[in-house]
Protein chains: 2
Amino acid sequence: MARIKTDINVSRKEVIVAKAAILFREKGFKAASMRDLAESVGVEAASLYNHIKSKTELLHELCFGVANRFMQKMEEVEQEKIPAVGKVEKLLRFHINEMVHHYEEVYVSDREWKHLSDPYLSNFQNQRRIYRKRFATIIEAGIRAAEIEPIDAPTAVLIFLHAISGIESWHRSKQKISAEELENNMITILVDGLYPRK
Amino acid sequence: MARIKTDINVSRKEVIVAKAAILFREKGFKAASMRDLAESVGVEAASLYNHIKSKTELLHELCFGVANRFMQKMEEVEQEKIPAVGKVEKLLRFHINEMVHHYEEVYVSDREWKHLSDPYLSNFQNQRRIYRKRFATIIEAGIRAAEIEPIDAPTAVLIFLHAISGIESWHRSKQKISAEELENNMITILVDGLYPRK
DNA sequence: ATTTGTCGCTAACGTATGTTAGTTTGTTAT
DNA sequence: ATAACAAACTAACATACGTTAGCGACAAAT
């Protein structure tokens, strides 16, 4: 009988959630079966239910885990006393780092949240909307302070967030540039368009 | 017995494919069932098979329909005798317009191609890779001609393409700006970062 | 050594899915 | 009007899925 191996301070549930992230990322939530997951954990499908309540619970864990980290960072950045462009840059660097180092979870949270069911679904959508609003507010403050080129802030947010989710392709690509190069390139391209033209 | 309504010059298969695009977009390919599709077409599930070979065929049609349009535009733009930034802008405007006016198909092609099966899958992935390479080549030519800020071209392409797929959120949003405003905003943000700083 | 609780197993259930076979209805052409 | 074809229907199939029940095996605590 093959037990789920756990490092110290890592519950079996966390092991399952982590494997689920990998699987959901590569097949999609619907296409990934509990039997697939079981195999990748090294156990029979039914055994998973000793640790989790349902397949959807796995998605909850992933989505809200990610959402909470982003919200917390937003809180932190908002309170700093620095120019708006600096705040934007900090948020972008955070996004990029999350995407690079917690690829699977972030990706799944971004693409598969549709399969959440109420009340989690509405809750998640709400959090997303609020996050974007707060991001846009930062940009708008920067525009009013003439630190940022006058652009439509919601559009900018939309571009930023989706641009970063493109790191997915970077992960897949054969000839990768380094993570730092990637980060700095992205910041250059995204942020340099913000400064007002002289 | 309720026949599938067709306008003149529109085959029943095309009607089905179009409805499939809407359905695949809102539920995802795997989660959308043939019975769902049948209902949205106004017919029994089995009847669909008088017009199509399989569920996957619908995905083929959508993915390659979109891919071919993009490839054709690439061909067209490559041959124009204009500066590189102009080419980039033309491609971006095309992308934006496709995303705005053929939302469902483009979105599905972008997010659900993973569920294609070989040989279509490899074929599609190839086309994507080639398209991106050609896009990057244009940017690199612009950099050599000092028309474009020296940046990592593949990263720029990745940002551009994903940024545009963010129009998905625009479609969903309540307080939409107009399509032209959206287009111009996106071009401003994305293209203005390209010009060399004076 | 015995108890107790955790964890994994086998077996199975009910449901949903893509698809096929065979038949009937409706349309078009002679 | 009738033959011929297209397109819809009903019924059913095999399979895959999420999940539950009940039992046995191992580990930790007494």
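In what follows, chains carry the letters A, B, and so on, assigned in the order in which the sequence lines appear, proteins first and then strands, with residues in each chain numbered from 1.
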*Asks:* Determine which pairs satisfy ring-ring contact (aromatic ring centres under 6.0 Å, His included) with at least one residue from residues 15-43 of chain A, sequence neighbours left out, and list them in order.
*Replies:* A/F24-A/F29, A/F29-A/H115
*Asks:* Measuring only between side-chain heavy atoms, which start at C-beta, is B/E104 closer than 4.5 Å to B/K19?
*Replies:* no
*Asks:* What is the distance, to the nearest angstrom, from the CD atom on B/E57 to the P atom on C/dG18?
*Replies:* 15 Å
*Asks:* Check whether any side-chain nitrogen or oxygen of B/R12 sits under 4.0 Å from OP1 or OP2 of D/dA6, and answer yes or no.
*Replies:* no
*Asks:* A/D36 has an atom CG; how far is it from atom C1' of D/dC17, in whole Å?
*Replies:* 11 Å
*Asks:* Show me the pairs that pass salt bridge (Lys or Arg N to Asp or Glu O under 4.0 Å) and involve residues 30-45 of chain A, at least two apart or across chains.
*Replies:* A/K27-A/D36
*Asks:* Please list residues of residues 49-56 of chain B whose heavy atoms come under 4.0 Å from any atom in DNA chain C, ordered by number; otherwise none.
*Replies:* B/Y49, B/S54, B/K55
*Asks:* Quick one: label A/A31 by what it contacts on the DNA or RNA (base, sugar-phosphate, nothing), any heavy atom closer than 4.0 Å.
*Replies:* nothing
*Asks:* Would you be so kind as to tabulate the donor-acceptor pairs closer than 3.5 Å made by side chains of residues 80-88 of chain A, with sequence neighbours excluded?
*Replies:*
residue : atom : partner : partner atom : Å
A/E80   : OE1  : A/K90   : NZ           : 3.0
A/E80   : OE2  : A/K90   : NZ           : 3.3
A/K87   : NZ   : A/E78   : O            : 3.2

*Asks:* Please list, chain by chain and in numerical order, all residues satisfying salt bridge (charged side-chain N to carboxylate O under 4.0 Å, His left out) with B/R132, sequence neighbours excluded.
*Replies:* none
*Asks:* Would you please name every residue forming a side chain to side chain contact (heavy atoms under 4.5 Å, CB included) with B/H102, sequence neighbours left out?
*Replies:* B/R69, B/E98, B/E105, B/V106
*Asks:* Tabulate atom names and distances for all N/O pairs under 3.5 angstrom spanning the protein and nucleotides 11-15 of chain C.
*Replies:*
none

*Asks:* Could you list the residues that satisfy salt bridge (charged side-chain N to carboxylate O under 4.0 Å, His left out) with B/R93, not counting sequence neighbours?
*Replies:* B/E89, B/E183
*Asks:* Side-chain N or O of A/S47 versus OP1/OP2 of C/dC9: is the shortest distance under 4.0 Å?
*Replies:* yes
*Asks:* Rounded to the nearest angstrom, tell me the gap between atom CD1 in A/I16 and atom C1' in C/dG8.
*Replies:* 11 Å
*Asks:* Between A/H95 and A/F70, is the ring pair (Phe, Tyr, Trp, His ring centres under 6.0 Å) condition met? List the steps.
*Replies:* CA-CA 8 Å; A/H95 274 261; A/F70 277 91; 4.5 Å; yes
*Asks:* Going by the rule salt bridge (charged side-chain N to carboxylate O under 4.0 Å, His left out), which residues pair with B/R12 if we only count those two or more places apart in sequence or in a different chain?
*Replies:* none
*Asks:* Under the salt bridge (charged side-chain N to carboxylate O under 4.0 Å, His left out) rule, collect the residues that match up with B/K114, sequence neighbours excluded.
*Replies:* none
*Asks:* Holding to side chain to side chain contact (heavy atoms under 4.5 Å, CB included), I want the full list of residues that pass it with A/A136, two or more places apart in sequence or in another chain.
*Replies:* A/A153, A/V157
*Asks:* Find the distance B/H115:NE2 to D/dA16:P and express it as a whole number of Å.
*Replies:* 16 Å
*Asks:* Rounding to a whole Å, what distance do you find between B/K27:NZ and C/dA16:C1'?
*Replies:* 12 Å
*Asks:* Near DNA chain D, which residues from residues 37-45 of chain B have a heavy atom under 4.0 Å away?
*Replies:* B/V43, B/E44
